[in-house]
Amino acid sequence: MRQSMLFAPTLRETPAEAEIISHKLMLRAGMIRKSAAGVYTYLPLAQRVLTKISRIVREEMDRENGQELALPIVQPAEIWRESGRWDVYGDEMFRLTDRHNREFCLGPTHEEIITTIVKNEVRSYRDLPLRLYQIQNKYRDEIRPRFGLMRGREFIMKDLYSFDVDEAGLEESYQAMYRAYNRIFSRCGLRFRPVEADSGAIGGNSSQEFMVLAEAGEALILYCDSCNYAANVEKAVSVISQAAADNEIKPMERVATPEQKTIDEVCSFLKIAPEQTVKTLFYGTDFGYVAVLVRGSDQVNEIKLGNIVGGNKLYLASPEEIQEVFGLPVGYVGPIGLDPAKVRILADTLVEGMHQVVVGANEVGFHYQYVEPQRDFPKVEYVDLRTACAGERCPHCQGHLLEARGIEVGQIFKLGTKYSKALGANFLDEKGQSMPIIMGCYGIGISRTMAAAIEQNYDENGIKWPMAIAPYQVHLVPVSADQLPVAEELYRDLTAQGVEVLLDDRNERPGVKFKDADLIGIPIRITIGPKGLAQGEVEVRFRQTGEDARWSIGEVVQNAVKFIQSALKATETQAL
RNA sequence: CGGGGUGUGGCUCAGCUUGGUAGAGCGUUCGGUUCGGGACCGAAAGGUCGGAGGUUCAAAUCCUCUCACCCCGACCA
């Protein structure tokens, strides 16, 4: 490609709307332009990157017996009603109505539609397993689209759905995708980590996310410093050693705590640690209120809580609400005296092992101390409810948990029979019995992967593309028009060898060309200038490392090919 | 949905407090001088000041409504 012909309007200044690196650099490098909040145009450079990522994804999907198809974006409401998600998805779904007043949505995901297709065509166990995928736009009307391509309302996703006859088959499909995903992100040149994940709205029981490690990541992950345990904080569990009841057991005692409402206030007033208190929160749910007990120092993990209580609605009740519904004063609320018949009481498992605890007395200005949970409020359900934190112990070994931020670029789920049952996708097994198909689903955010790659590969001058997903592999920069004939010759020779070359044939000053080259971030920059040419050489700069080299004109093609191949191989072998 | 902020030429922004009919830098076009890390000189094009309504002799500026975009939050007693 000749740069004079390239549609890549670069910017000297960063548009005010961009906050994070990838967004800024993609705007500046002339890769994307916004058309609405969370909706972007991909200009040619971005499109090339997306195509390359997609190609890698396709290769790895196909290698694991995936078959590409294309599902409709516009989907009828009925199948969503059948699965029960027309209402569950709520405002996040872009909905539309046709001229006959029939309802549709723009597909936020494709379980319903593909399950319907498979249900209509698959009859026998002999038709299975199937692994079907597509790479296509998804539409989600996010509460708050942000960070450029990171959280868009229209984005590109690869989604594969597996259909198996039994759990063992599902496990095989799941592992196949796990392998494929590891290869894909390695080949893309990313530093990433698979972590245990909550399965969220899609449902199912087992799930892992692939996180690209980067500061800009919206997800917090916890990982063990000595084994390979790693989990999204939404899912993470930790082990906390608790003191045994070596203290003497005292009778519960009411204690005046005037004006001491927060955990911190109560703790400093009574001279105790937050770990010795239990706080009581009320949540509103689809099934009425639940009381939730956790240590004063802990945070309720609302994802875990939501999974336990079920339904769609989950919110922390306001002080006014608690006063009105229960007649209890926030700041002094406690489990003692709560009637399990009237309100479901859930407590974090840690609470069960606590001793000499301070809790609210359900009376303004008073708390109870020396409370023994098992003695004083025995009728509670103990479940894992707390948010795990860095520094705590790994649930699998004696290691400690560390924290990192990650960008979720992929997630794999075992769905089981959730959709096949809802939509009646059955097959006849060897005995002639009708059985629901066992499903899995596996997504990769293609456009987000591009953004994530930039978050991991940039410097103050611009992007540093990994070789495998760079829009071009070699950037030829003749210093002036005098060197253009030599550059053209190299361009021709490199292109003939299959090298992807961008030739800066613009009539610009060298400084401008160099600045644009750094910004766009093509891995190998070859400067053809009078100084080098006098010695029959060109100057080479590797964008990733910043290293310089000099190649004689005659060896440019072979050196470039060699470098590209070894760069590709480095990530590819790492992937195996 | 709550809170905060911003909308002025392609980009970054000034002007608004105290109304008087729109500016700078960059970019773009033309001419010239330049030419190894975003050159210089000269000329020029380009703006319904997000939109609607109102106040006023007069509105980018004041008031009301509205739209869009950005950020924070949807938080723990």
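The chains referred to below are lettered A, B, ... by the order of the sequence lines, with proteins before strands, and numbering in each begins at 1. Because the structure is a prediction, the values reported are computed rather than measured.
- Checked for salt-bridge contact, A:Glu19 and A:Arg146 miss the test: no charged N lies under 4.0 Å from a carboxylate O.
- Taking atom C1' on both B:G25 and B:U18, the two are 27 Å apart, rounded to the nearest angstrom.
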Query raised in the report: Tell me, for nucleotides 8-16 of chain B in 5' to 3' order, what letter each nucleotide earns: B for a base near a protein heavy atom under 4.0 Å, S for only sugar-phosphate near one, - for neither?
Result: ---BSS---

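- Judged by Watson-Crick or G-U wobble contacts below 3.5 Å, the nucleotide B:C26 has B:G10 as its partner.
- At a threshold of 4.0 angstrom between heavy atoms, the contacts of A:Val333 with the nucleic acid are absent.
- When the P atom is compared between B:A22 and B:G47, the two are found 13 Å apart, to the nearest whole Å.
- Side-chain atoms of A:Thr527 and A:Glu539 include no donor-acceptor pair closer than 3.5 Å.
- Nucleic acid contact class of A:Arg295 (heavy atoms, under 4.0 Å, all strands): none.
- Taking the ring centre of A:Trp80 as origin, the terminal cationic atom of A:Arg95 falls outside the region bounded by 6.0 Å and 45° from the ring axis.
- A salt bridge is defined here as a Lys NZ or Arg NE, NH1 or NH2 lying under 4.0 Å from an Asp or Glu carboxylate O, and A:Glu13 with A:Arg28 fails to meet this definition.
- Residue A:Asp516 is classed as a base contact, given a heavy-atom separation below 4.0 Å to a base.
- Nucleotide B:U64 has B:A52 as its partner under the Watson-Crick or G-U criteria, with both atom distances under 3.5 Å.
- A:Ile263 comes within 4.0 angstrom of sugar-phosphate atoms only, judged by non-hydrogen atoms across all strands, and of no base.
- Comparing B:U12 with B:U28, their C1' atoms are spaced 16 Å from each other, to the whole Å.
- In A:Glu142, the CD atom is crowded: over 12 heavy atoms of neighbouring residues, nucleotides or ligands sit closer than 6.0 Å.
- Using a 4.0 Å heavy-atom criterion, one finds that A:Gly529 contacts the bases of the nucleic acid, with or without backbone contacts as well.
- Residue A:Ala517 is out of contact with every strand shown, counting any heavy-atom pair closer than 4.0 Å.
- Distances shorter than 4.0 Å separate none of the side-chain N or O atoms of A:Arg12 from OP1 or OP2 on B:G38.
- The base-pairing partner of B:G73, taking Watson-Crick or G-U wobble contacts with both distances under 3.5 Å, is B:C1.
- Within 4.0 Å of A:Gln260, counting heavy atoms only, lies no atom of the nucleic acid at all.
- The side-chain tip of A:Arg254 points at the ring of A:Phe366 from less than 6.0 angstrom away and within 45° of straight on.
- Spacing of P atoms, B:C76 relative to B:C11, comes out at 41 Å, to the nearest Å.
- Across the strands present, B:C40 finds its partner in B:G32; the criterion is a Watson-Crick or G-U wobble pair with both atom distances under 3.5 angstrom.
- Nucleotides B:C70 and B:U61 have their P atoms positioned 25 Å apart, rounded to a whole Å.
- Heavy atoms of A:Arg525 sit under 4.0 angstrom from at least one base atom.
- Look at A:Glu92 and A:Arg140 and you find no salt bridge, because none of the NZ, NE, NH1 or NH2 atoms lies under 4.0 Å from a carboxylate O.
- Atom pair A:Arg506:CZ and B:G27:P shows a separation of 13 Å (rounding to whole Å applied).
- Residues A:Tyr289 and A:Phe326 place their aromatic rings such that the two centres sit under 6.0 Å apart.
- Counting any heavy atom pair closer than 4.0 Å across all strands shown, A:Lys34 reaches sugar-phosphate atoms only and no base atom.
- If you check every strand for non-hydrogen atoms under 4.0 Å, A:Pro329 touches nothing.
- Between A:Asp198 and A:Lys304, none of the side-chain N atoms (NZ, or NE/NH1/NH2) sits under 4.0 Å from a carboxylate O, so this pair counts as no salt bridge.
- Near-neighbour residues of RNA chain B inside residues 532-545 of chain A, defined by a heavy atom below 4.0 Å, number-ordered: A:Gly532, A:Glu539, A:Arg541.
- The P atoms of B:A60 and B:U21 are separated by 10 Å, rounded to the nearest whole Å.
- Between A:Lys279 and the phosphate of B:A77, there is a side-chain N or O to OP1/OP2 separation shorter than 4.0 Å.
- Between A:Leu25 and A:Leu519, some side-chain heavy-atom pair lies under the 4.5 Å cut-off.
- Counting non-hydrogen atoms under 4.0 angstrom, A:Thr262 reaches the backbone sugars and phosphates but no base.
- Between A:Phe269 and A:His367, a ring centre-to-centre spacing not shorter than 6.0 Å is recorded.
- Cation-pi geometry between A:Arg153 and A:Tyr139 is not satisfied (NZ or CZ under 6.0 Å from the ring centre, within 45° of the ring normal).
- Residue A:Arg144 places at least one side-chain N or O under 4.0 Å from the OP1 or OP2 atom of B:C72.
- Note: CD (A:Glu508) to C1' (B:C35) measures 11 Å, nearest angstrom.
- Here B:C75 presents its C1' atom at 13 Å from CD1 of A:Ile322, a figure rounded to the nearest Å.
- Heavy-atom nearest nucleotides on RNA chain B were determined for A:Val266 and for A:Ala37, and the one closer to the 5' end corresponds to A:Ala37.
- Figure legend. B:U18 is base-paired to no nucleotide; pairs are counted as Watson-Crick or G-U wobble with both atom distances under 3.5 Å.
- Distance check on atom P: B:C65 versus B:G4 gives 14 Å, rounded to whole Å.
- B:A59 and B:C40 are spaced 41 Å apart, taking the C1' atom of each and rounding to whole Å.
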